[in-house]
2 protein chains.
Amino acid sequence: MSSEAITDGWVEQAEAALAAAGRKRGGARRALLELLAAQECALTAVEIEDALRARSARPVSRASVYRILDELEALALVQRVETGQAMVRYERVCEHEQHHHHLVCDECGLVMPFSDPGLERAIDSLSTRVPLTVSEHEIVLHGACRDCAA
Amino acid sequence: MSSEAITDGWVEQAEAALAAAGRKRGGARRALLELLAAQECALTAVEIEDALRARSARPVSRASVYRILDELEALALVQRVETGQAMVRYERVCEHEQHHHHLVCDECGLVMPFSDPGLERAIDSLSTRVPLTVSEHEIVLHGACRDCAA
DNA sequence: CTTAATGCAAACCGTTTGCATTTCA
DNA sequence: TGAAATGCAAACGGTTTGCATTAAG
């Protein structure tokens, strides 16, 4: 399916990284990995929990969702996205995939990904001139989406 | 003092905007405005509350701090800054002042302002090509500050 | 006087933790 | 069998709300 093509073995990459870190396998985590692999953009913990319950996929408790996301974040397999919407969002990080950022509609809460080479260049150059060893950056543009602006 | 020179009458501008919106004046809000006017970078609600209590300035209750910040944000006099540190930060918005963004040290929590014309240009141009009527943007670079990276 | 401003304490809600149980290697 | 994984429910902590009181216009 298309989602597998897009993620290009991200689930396997994640499992390998976890194994290398001495972790055992588990069904809850596997289900969560597969869900994230199929997403185009960031989800909240609750959205993840609901999706796993709804999809007849293995239900995973809220606590496990957070714990698993934390582990994945520590291994840089997942990234937090702060959209200013009270809850944190999470999405997979895939090396072979183009880095993207987010557009947030402050009216309806819609979150969309976007990417822009010029912006990446500006950030990369900036990163070398700043009193911080930059590990990550996150750009969020706020505004009104097409439907809401209409 | 330098803080007044920097803020260039922001307190008065804010009071005027509030009056125009039909609001009455109040001591708590005034104290909060003066505190924000004197800051160089974003503060959390708790930091604001503590600063007002400590400085022998008028103490302001936590609830009022949040309510006042919400009002000021609605009038675009104050801006939220999401640093991914669990609590939101707030800082004044001053038209006559150069727009800045933030560096966050993920080790010690230090938050520093920075600005970069190239980045602003990239964002402005980007804003016209994206399916969102952009009202605001926020850039946060995460990493390790000089002390923590050492 | 009429409405906004404020304080206090309780409610909220996303997230984290403690503990008992199950599963993997 | 020993360590990691998971679920459940309680605890946490930042933020918001309800309600009574005070103060501005």
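Note that this is a predicted model, so its numbers are computed, not measured. In what follows, every chain begins at residue 1, and chains take the letters A, B, ... in the order their sequences are listed. Excluded from the calculations below are hydrogen atoms, water molecules and symmetry mates; all remaining heavy atoms, backbone and side chain alike, are included.
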Once you round it to whole Å, what is the distance between [atom2] of [N] and [atom1] of [X]?
X       : N      : atom1 : atom2 : value
A:Glu71 : C:dT16 : CD    : C1'   : 14 Å
A:Arg29 : C:dT23 : CZ    : P     : 16 Å
B:Gln85 : D:dG13 : CD    : P     : 17 Å
B:Arg58 : C:dA5  : CZ    : P     : 13 Å
B:Leu32 : C:dA5  : CG    : P     : 13 Å
B:Arg53 : C:dC8  : CZ    : C1'   : 12 Å
B:Leu69 : D:dT15 : CG    : P     : 10 Å
A:Leu75 : D:dA4  : CG    : C1'   : 14 Å

Check: With nearest nucleotides of DNA chain D determined for A:Gly22 and B:Val46 from heavy-atom distances, which residue corresponds to the more 5′ nucleotide?
Finding: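 Nearer the 5' end of the strand: A:Gly22.
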Notebook entry, point to check: Which word best sums up how the rings of A:His101 and A:His99 line up, parallel for under 30°, tilted for 30 to 60°, or perpendicular for over 60°?
Noted result: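 Rings of A:His101 and A:His99: tilted, 30 to 60°.
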Notebook entry, point to check: Across the strands shown, which category fits A:Arg30 at heavy-atom distances under 4.0 angstrom: base, sugar-phosphate, nothing?
Noted result: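 Answer is nothing: A:Arg30 stays at 4.0 Å or more from every strand.
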Next item on the list: Apply salt bridge (charged side-chain N to carboxylate O under 4.0 Å, His left out) to the pair A:Glu73 and A:Arg80, showing each step before the final yes or no.
Entry: CA-CA 8 Å; A:Glu73 192 195 2; A:Arg80 278 171 190 253; 3.1 Å; yes
Notebook entry, point to check: Can a side chain N or O of A:Arg25 be found less than 4.0 Å away from OP1 or OP2 on C:dC24?
Noted result: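 Looking at the OP1 and OP2 atoms of C:dC24, neither is under 4.0 Å from any side-chain N or O of A:Arg25.
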Margin query: At less than 4.0 Å, is any side-chain N or O atom of A:Arg23 found next to OP1 or OP2 of D:dA4? Yes or no.
Written below: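 No.
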Next item on the list: Rounded to the nearest 0.5 Å, what's the gap from CG on A:Leu18 to CZ on A:Arg29? Could you check?
Entry: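 Here the interatomic distance stands at 4.5 Å.
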Next item on the list: First locate atom CG of B:Leu43, then atom CG of B:Leu36, and finally report the distance between them rounded to the nearest 0.5 Å.
Entry: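 That separation rounds to 6.5 Å.
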Note to self: For a quick test of reading the model, state the closest non-hydrogen atom pair linking A:Val11 to A:Ala37 and the distance between them.
What the structure shows: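 That would be CG2-CB, 3.6 Å.
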Notebook entry, point to check: What are the two closest non-hydrogen atoms of A:Pro131 and B:Met112, and how far apart are they?
Noted result: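 For A:Pro131 and B:Met112, the tightest heavy-atom pair comes out as O-CE, 3.9 Å.
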Notebook entry, point to check: Do B:Lys24 and D:dA24 share a donor-acceptor pair, side chain to base, under 3.5 Å?
Noted result: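 Looking at the base of D:dA24, it does pair with a donor or acceptor on the side chain of B:Lys24 (distance under 3.5 Å).
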Provide a list of protein-nucleic acid N or O atom pairs under 3.5 angstrom, restricted to nucleotides 16-18 of chain D.
unit_1	atom_1	unit_2	atom_2	d
D:dG18	O6	B:Arg67	NH1	3.3

Checklist line | A:Glu82 backbone acceptor or donor facing A:Glu138 side chain under 3.5 Å | finding: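 Judged by distance alone, yes, a pair lies under 3.5 Å.
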Check: Quick one: which of C:dC8, D:dG7, D:dT15 gets closest to the side chain of B:Met87?
Finding: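 Looking only at heavy atoms from C-beta outward on B:Met87, the closest nucleotide is D:dT15.
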Note to self: Whether the A:His137 and A:Glu120 side chains hold a donor-acceptor pair (N or O, under 3.5 Å, no angle test) is what I'd like checked.
What the structure shows: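 Note: A:His137 and A:Glu120 side chains meet the donor-acceptor criterion.
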Checklist line | Five-pair end axes of the helix from C:dC1-D:dG25 to C:dA25-D:dT1 and the angle they enclose, rounded to 10° | finding: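 The value is 30°.
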Check: When hydrophobic residues are tied together by side-chain contacts of less than 4.5 Å, even through go-betweens, does B:Val104 share a cluster with A:Ile139?
Finding: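 The answer is no; the residues belong to distinct hydrophobic clusters.
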